[in-house]
Each structure stands twice: as C-alpha cells, then as structure tokens.
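Beneath this line is the structure, given in structure tokens, with notes to follow.
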Amino acid sequence: MDGMHDLGGKQGFGKINYHPAPHAETWEPLARALSALAVKNHIYNMDEYRHAIERMAPVHYLSAPYYERVLTAAATLYVEKGIVTAKELADRVEGTFPLSKPIGPGRQNAPAQTFVIGETVRVKNEFVSGHVRMPGYIRGKQGVVVGKSPPYPFPDAAAHNMQVTEEPTYDVRFRSTELWPDSADEAFIHVGVFQSYLEKIT
Amino acid sequence: MTDSHTMADQSASAMQRAKALEAALTAHGLLPDGFVDEFNTHAEEQWVTRNGAQVVARAWTDDAFRERLLKDGKSAVAELGFGMPEHHRHLVVLENTPDIHNLIVCTLCSCTAYTIIGAAPDWYKDLEYRARVVRESRTALKEMGLDLPASTEIRVWDTTADTRYMVLPVQPAATLDWPAEKLADIVTQEALIGTARLDTVGG
C-alpha cells in the first residue's frame with residue numbers, strides 16, 4: 001500500500017528527538033497489552049496488525065503518537081473480526097473513536113524463482129494496494145543479494161485472512177546513491193525483500 | 001464520516017479510547033483479570049537491553065560462541081536463555097569492525113528484536129528516524145552524536161520481514177581483559193541498534 005507509513009527517504013523531517021523527556025502515560029501499556037491479547041488469542045496476526053496501522057487515515061497516522069497507532073489498529077481489528085462493535089466503542093467515549101479505513105483485497109505469491117547470494121536482482125515495478133512489505137524507495141531498483149532467509153509467511157496474503165504460502169526473503173544490498181541520485185549520504189542500504197517482489201536481470 | 005481536517009478536534013482522548021476498548025473486551029468476557037498487569041510486568045522485566053548486552057559480552061569473550069552467533073543468531077541467544085517470539089524467525093547479528101558500521105531501522109513501522117535488545121526506544125519509532133536514516137545516514141548519526149570518519153562504510157538494515165537484527169559492537173580496546181559481567185555493563189541499547197559505538201569506552 002502506498003500509504004503514509006512508507007516513510008523511508010521522505011523529506012521534510014527535522015531533528016530526531018534522540019533524548020526525549022520521559023513520559024508515563026498509563027494508557028500506553030494498556031494499549032500494548034490489549035493488542036498483545038489479540039495476537040496471543042489468534043484474533044489477528046502481526047501482518048494484519050501492521051496493515052491495520054497502515055490503513056489509518058493519513059493525517060491521523062502522521063499525527064498520532066506511536067501507541068495511538070497501536071490502539072487504533074487493535075480497536076479496528078477487534079471490530080472487523082466481530083469481537084466488539086464500533087458503536088459500543090463510540091458509546092463508551094465522549095467524542096469519536098476513529099478507526100482505520102476498510103481493508104481491501106490481498107494477493108498471493110508470484111510463481112517461485114530462486115536467487116543466489118551474489119546475484120544482481122531488480123525489485124519489480126509493482127504497485128500493491130493491500131499490505132506489502134516493499135518500501136517504495138526500492139521499487140524498480142537493482143541491488144545485490146547478500147543473504148537469504150528461511151521461508152516466511154507471505155505478508156501480502158497473511159494480512160488479508162487468505163491462505164498463506166511461505167517463501168524466503170533475500171537481504172538485498174542497494175547503494176543509497178542509486179536509490180536517491182545526488183540526494184543521499186553514501187551508504188549500503190539492505191532490505192529484506194520477499195522473493196515475490198524480485199525479478200531476474202535478463 | 002470523519003473528515004481529516006476535523007478529526008483531531010472531535011476524537012476522544014487516547015486514554016478514554018484505551019479504557020473504552022478495555023471495558024468492551026471485559027464486558028465480553030475476553031480480558032482475563034490481571035492480564036494487563038501481568039503482560040506489562042513481563043515485558044518490563046524480560047525484554048531488556050541487558051539480554052543483548054550479555055550476548056555481546058559472551059561473544060567478546062568466547063570466540064566459538066561468537067562464530068555460532070554470527071551463523072545462527074536465534075539459536076545462539078537461546079543458549080543463554082533468551083527466546084524470541086514465534087514470528088521473529090531469524091536473528092541476524094551484524095558485526096561492526098573499525099571500518100564498518102551497521103545501523104538498524106524499520107522504515108515501515110517499528111520492528112525490533114525486542115526480547116533481546118529491549119523494547120524499541122521512542123526515537124526509533126518516530127517518523128524522523130524512519131524517514132531519514134536510510135537516506136541521510138551519516139548526517140543523522142552525526143546529529144545523534146556519532147561522527148564517523150569519512151572512510152567508515154555505513155551499512156543500514158531496514159527490518160521489512162521476519163528477520164530481526166542486532167549489532168555486535170567492536171569491543172573497546174581498554175576492556176580486552178574484562179570479565180563478561182563487567183563487559184555487559186557497558187553495552188547500551190544505542191550500540192545494539194547502531195546509533196552509537198563503544199570504541200572509546202573504558203579508556
């Protein structure tokens with residue numbers, strides 16, 4: 001999904017708040033625990049959880065503190081899974097209880113192909129409206145495979161309550177200066193790319 | 001429905017909303033008594049940076065363990081009693097050298113090897129860190145107090161799948177004869193994520 005969460009390389013942000021003042025909001029551990037309860041009880045999985053955060057309205061996503069994103073995703077999924085209703089949540093508060101936008105369709109894995117360490121590969125020029133763990137900054141870019149993981153559940157399906165087939169991911173090394181020509185500090189950027197997101201260089 | 005522009009004005013406080021969800025789940029009999037407190041106590045006591053610090057200290061003092069750690073991080077940390085959640089399928093430990101510096105981020109959300117290095121700090125989860133460190137790594141590190149020589153190769157790792165990462169810092173020269181327990185004391189979460197180095201510690 002080309003959502004606001006896809007932040008890598010976005011400009012306009014200021015200094016990283018590296019030494020924040022300590023804060024003790026008691027609702028934050030509560031939000032965390034209520035989401036953990038759902039995962040523990042298999043009400044939703046981590047892919048569904050991440051996608052529910054991604055589906056927050058853009059301005060809500062960008063302006064919410066971290067645990068408000070956790071809370072919104074948990075509430076949204078508890079409603080979508082039929083555990084509680086949006087109305088009973090709204091009735092318990094003064095003001096609105098904004099939830100994430102509705103979920104769309106997911107997709108299955110691409111036909112399998114294997115890549116090897118040292119191979120130069122390209123990230124497909126694909127646009128996926130559902131959950132996808134390909135950051136936009138690598139779309140269509142070339143990199144070198146430096147590692148291969150064991151198979152993982154394919155998130156594009158797992159986030160959408162679909163049958164899930166596992167596939168490996170490849171740690172692909174990109175050069176920042178190729179991702180953002182003349183507009184980056186030089187570094188190697190490694191991304192764990194699902195096999196379905198990659199194509200061979202012919 | 002809700003308009004982006006007025007949403008912030010109309011929504012109930014996060015505290016109210018969290019309490020509302022808690023109450024709704026309780027009313028449906030889905031929230032066991034004590035779950036929230038037990039979960040949070042467990043998180044605070046078990047998911048701590050000290051775990052990762054002990055892993056690093058052991059790697060610094062035991063070459064065979066270091067080799068196993070670099071080959072299969074999840075199995076190696078399990079030797080020391082540190083588990084990882086089921087969805088953290090793989091732990092890749094990134095070895096710093098005098099000329100190579102590794103840095104971990106999750107640009108898409110906040111993925112962290114939290115059972116090993118502790119819960120992610122606020123700055124790691126903030127929009128600024130997520131947006132900037134892949135594109136302005138050297139500049140951002142300098143702002144955070146780590147001014148690397150121009151000759152240092154920077155390797156950024158974006159946590160986009162079920163692999164989790166941890167940096168293995170270079171052991172400071174002044175600590176080469178220290179015992180593991182004392183070494184664990186100097187390993188910070190920042191060093192395990194890669195926004196700091198420990199090269200000059202103890203000197």
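Sequence lines set the chain letters: A, B, ... in the order given, protein chains first and strands last, and positions in each chain run from 1.
Heavy atoms closer than 4.5 Å to chain B are found in the side chain of Thr72(A), but not in its backbone. Heavy atoms of Glu153(B) lying under 4.5 Å from chain A belong exclusively to its side chain. Interface remark: Arg173(A) contributes no atoms to any contact with chain B (heavy atom separation under 4.5 Å). When heavy atoms are compared at a cutoff of 4.5 Å, Leu103(B) does not approach chain A at all. Using a 4.5 Å cut-off between heavy atoms, Pro155(A) makes no contact with chain B at all. Neither the backbone nor the side chain of His19(A) comes within contact range of chain B; no heavy atom of the residue lies under 4.5 Å from a heavy atom of that chain. Only the side chain of Tyr66(A) has a heavy atom closer than 4.5 Å to any heavy atom of chain B. Pro22(A) does not touch chain B: none of its heavy atoms, backbone or side chain, sits under 4.5 Å away. Glu143(B) touches chain A through its side chain: at least one heavy atom from C-beta onward sits under 4.5 Å away, while N, CA, C and O do not. Looking at His90(B), both its backbone and its side chain come within 4.5 Å of chain A, counting heavy atoms on both sides. Residue contact with chain A, scored on non-hydrogen atoms closer than 4.5 Å, involves the side chain of Asp122(B) exclusively. Using a 4.5 Å cut-off between heavy atoms, Glu186(A) touches chain B through its backbone atoms (N, CA, C, O) alone. Only the side chain of Pro32(B) comes within contact range of chain A, with at least one heavy atom under 4.5 Å from a heavy atom of that chain. Neither the backbone nor the side chain of Leu179(A) comes within less than 4.5 Å of any heavy atom of chain B. Contacts of Asp47(A) with chain B are absent, with no heavy-atom separation under 4.5 Å from either backbone or side chain. Looking at Glu88(A), the atoms closer than 4.5 Å to chain B (heavy atoms on both sides) all sit in the side chain, from C-beta outward. For Arg50(A), the part lying near chain B is the side chain, with the backbone staying farther off; criterion is any non-hydrogen pair under 4.5 Å. Proximity to chain B is absent for every atom of Ile43(A), based on heavy atoms less than 4.5 angstrom apart. Both the backbone and the side chain of Leu89(A) come within less than 4.5 Å of a heavy atom of chain B.
A cation-pi arrangement, defined by a distance under 6.0 Å to the six-membered ring centre and an angle within 45 degrees of its axis, is absent between Arg135(B) and Tyr137(A). A cation-pi contact, defined as under 6.0 Å to the ring centre and within 45° of the axis, is absent between Arg55(A) and Tyr61(A).
Chain B forms more heavy-atom pairs under 4.5 Å with one residue of Thr26(A), Thr169(A), Val84(A), Leu30(A) than with any other, namely Leu30(A). Note: Val93(A) leads Val93(A), Val191(A), Val193(A) in heavy-atom pairs under 4.5 Å with chain B. When the candidates Phe35(B), Tyr124(B), Tyr129(B) are compared by the number of heavy-atom contacts under 4.5 Å with chain A, Phe35(B) comes out ahead. By number of non-hydrogen pairs under 4.5 angstrom with chain A, the leading residue of Leu108(B), Asp158(B), Val133(B) is Leu108(B). Chosen from Gly145(B), Ala24(B), Ser13(B), Ser110(B), the residue pairing most often with chain A at heavy-atom distances under 4.5 Å is Ala24(B). Interface check for chain A: of the options Met15(B), Glu22(B), Met144(B), the most heavy-atom pairs under 4.5 Å are formed by Met144(B). Among Val39(A), Ile83(A), Asn41(A), the residue making the largest number of heavy-atom pairs under 4.5 Å with chain B is Ile83(A). For the set Lys19(B), His87(B), Glu38(B), the entry with the most heavy-atom pairs within less than 4.5 Å of chain A is His87(B). Highest contact tally toward chain B, considering only Tyr152(A), Tyr78(A), Phe194(A), Phe174(A), is held by Tyr152(A) [criterion: heavy-atom pairs under 4.5 Å]. Between chain B and the options Ala75(A), Pro20(A), Gly14(A), Ala90(A), heavy-atom pairs under 4.5 Å are most frequent for Gly14(A). Between chain B and the options Gly3(A), Gly9(A), Ser149(A), heavy-atom pairs under 4.5 Å are most frequent for Gly9(A).
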Report task. Using the side-chain contact (heavy atoms from CB on, under 4.5 Å) rule, take Leu148(B) and Leu146(B) through it: C-alpha gap first, then chi angles, then the decisive distance, then the call. Result -> CA-CA 6 Å; Leu148(B) 294 170; Leu146(B) 181 57; 3.9 Å; yes
Query raised in the report: Would Arg122(A) and Glu199(A) count as a salt bridge (Lys or Arg N to Asp or Glu O under 4.0 Å) if you check the C-alpha gap in whole Å, the side-chain angles of each, and the deciding distance to 0.1 Å?
Result: CA-CA 5 Å; Arg122(A) 186 167 49 231; Glu199(A) 62 189 8; 2.9 Å; yes
Query - Trace of the salt bridge (Lys or Arg N to Asp or Glu O under 4.0 Å) decision for Asp6(A) with Arg133(A) - result: CA-CA 9 Å; Asp6(A) 191 357; Arg133(A) 288 297 284 186; over 6 Å; no
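Salt bridge absent: Glu128(B) and Arg132(B) never bring a charged side-chain N and a carboxylate O closer than 4.0 Å. Ion pairing between Arg107(A) and Glu126(A) holds under the 4.0 Å rule for side-chain N and carboxylate O. Salt bridge Glu181(B)/Arg50(B): present, at least one basic N to carboxylate O contact under 4.0 Å. For Asp126(B) and Arg130(B), the salt-bridge test fails: no basic side-chain N is under 4.0 Å from an acidic carboxylate O.
A donor atom on one side chain and an acceptor atom on the other are not found under 3.5 Å apart for Asp185(A) and Ser137(B). At a cut-off of 3.5 Å, with distance as the only test, no side-chain donor of Thr115(B) or Gln46(B) sits close to an acceptor on the other residue.
The heavy-atom pair separating Ala119(B) from Gln189(B) by the smallest distance is O-NE2, 3.0 Å.
Applying the 6.0 Å contact sphere to CD of Glu67(B) captures no more than 12 heavy atoms from other residues, nucleotides or ligands.
One distance of note links CZ of Arg138(B) with CD1 of Ile154(B); it measures 4.0 Å at 0.5 Å rounding.
Taking the six-membered ring where tryptophan is involved, the planes of Tyr197(A) and Phe154(A) are tilted, since the angle between them lies from 30° to 60°.
The six-membered or imidazole ring of Trp47(B) lies near that of Phe39(B), with a centre-to-centre distance under 6.0 Å.
Counting heavy atoms from C-beta outward, Pro153(A) and Arg89(B) have side chains that approach closer than 4.5 Å.
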